[in-house]
Structure formats: C-alpha cells, structure tokens
Amino acid sequence: MTHKVLLIDDDENLGPPLAAYLRRFDLDLESATRPSTGLARLAEGGVDAVILDVMLPEMDGFEVCQIGRAHV
C-alpha cells in the first residue's frame with residue numbers, strides 16, 4: 001500500500017529528489033510551493049503525512065499547520 005505525503009515548501013528544487021528518495025519506502029510525494037495550494041490539496045483528503053517548511057510566502061508554516069490540522 002502506497003502512502004501519500006504532501007510537501008509544502010517554496011523551494012521547487014526540493015520535491016523531485018525527495019520524491020525519488022521516498023519512493024524507495026513506498027511513499028508517494030505531492031508538492032505544493034504555496035501554502036494556499038497545499039491547504040487546498042490537504043482539504044481534498046487522502047494525505048497521510050505532511051512535510052512543512054516554516055518560512056513560506058503568504059503565511060508562515062506555523063499558520064499553515066494550525067489551519068491544516070482542521071483537515072486531519
């Protein structure tokens with residue numbers, strides 16, 4: 001069974017190597033570079049874990065965490 005991991009980080013270069021690494025552990029990575037995009041994806045459901053950057057555009061990672069916890 002593959003688990004879904006959501007990466008919310010504004011560094012676009014981080015997603016591809018992290019996705020390749022996590023595939024070795026049967027984890028599927030989705031990336032969002034904006035908090036609003038990540039929160040929208042989280043609201044859709046089906047995400048098992050979130051990797052969250054603290055320093056983000058739009059709002060900081062702590063705010064994203066607080067809002068995102070409402071969807072879990």
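Residue pairs meeting the ring pair (Phe, Tyr, Trp, His ring centres under 6.0 Å) criterion with at least one partner in residues 42-67, sequence neighbours excluded, are absent.
Between Asp10 and Arg34 there is no side-chain heavy-atom pair separated by less than 4.5 Å. Contact of the Leu42 side chain with the Val50 side chain is registered, since non-hydrogen atoms from C-beta on lie closer than 4.5 Å.
Of all heavy-atom pairs spanning Leu6 and Arg41, the tightest one is CD1-CG, 4.1 Å. The two atoms that bring Pro35 and Glu58 nearest to each other are CD-OE1, 3.2 Å, heavy atoms only. Here the closest non-hydrogen pair linking Gly15 and Ser31 is CA-OG, 3.7 Å.
By the criterion of side-chain heavy atoms lying less than 4.5 angstrom apart, applied directly or through intervening Ile, Leu, Val, Met, Phe, Trp or Tyr residues, Leu14 is grouped together with Val5 in one hydrophobic cluster. A chain of hydrophobic side-chain contacts below 4.5 Å, direct or via other Ile, Leu, Val, Met, Phe, Trp or Tyr residues, connects Val47 to Ile8. Note on Leu29: it clusters hydrophobically with Phe25, by side-chain heavy-atom contacts below 4.5 Å among ILVMFWY residues. Put simply, Ile67 and Leu56 are part of the same group of oily side chains (I, L, V, M, F, W, Y) that touch within less than 4.5 Å, one to the next.
In this structure, CG on Leu27 lies 9.5 Å from OH on Tyr21, to the nearest 0.5 angstrom. Annotation: the span from Leu22 atom CG to Thr2 atom OG1 amounts to 11.5 Å, rounded to 0.5 Å. Distance check, rounded to the nearest 0.5 Å: CG of Asp53 to CE of Met55 gives 8.0 Å.
Using a distance-only test at 3.5 Å, with no hydrogens or angles considered, no donor-acceptor pair links the side chain of Arg69 to the main chain of Cys65. Proximity of a side-chain donor or acceptor of Gln66 to a complementary backbone N or O of Glu63 within less than 3.5 Å is not detected.
For Asp28 and Lys4, the salt-bridge test passes: some basic side-chain N is under 4.0 Å from an acidic carboxylate O.
Other residues, nucleotides and ligands contribute over 12 non-hydrogen atoms within 6.0 Å of the CD atom of Glu44.
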Given the rule in the side chain to side chain contact (heavy atoms under 4.5 Å, CB included) test, do Thr33 and Asp9 qualify, once you have shown the distances and angles that lead to the verdict?
-> CA-CA 5 Å; Thr33 57; Asp9 193 312; over 6 Å; no

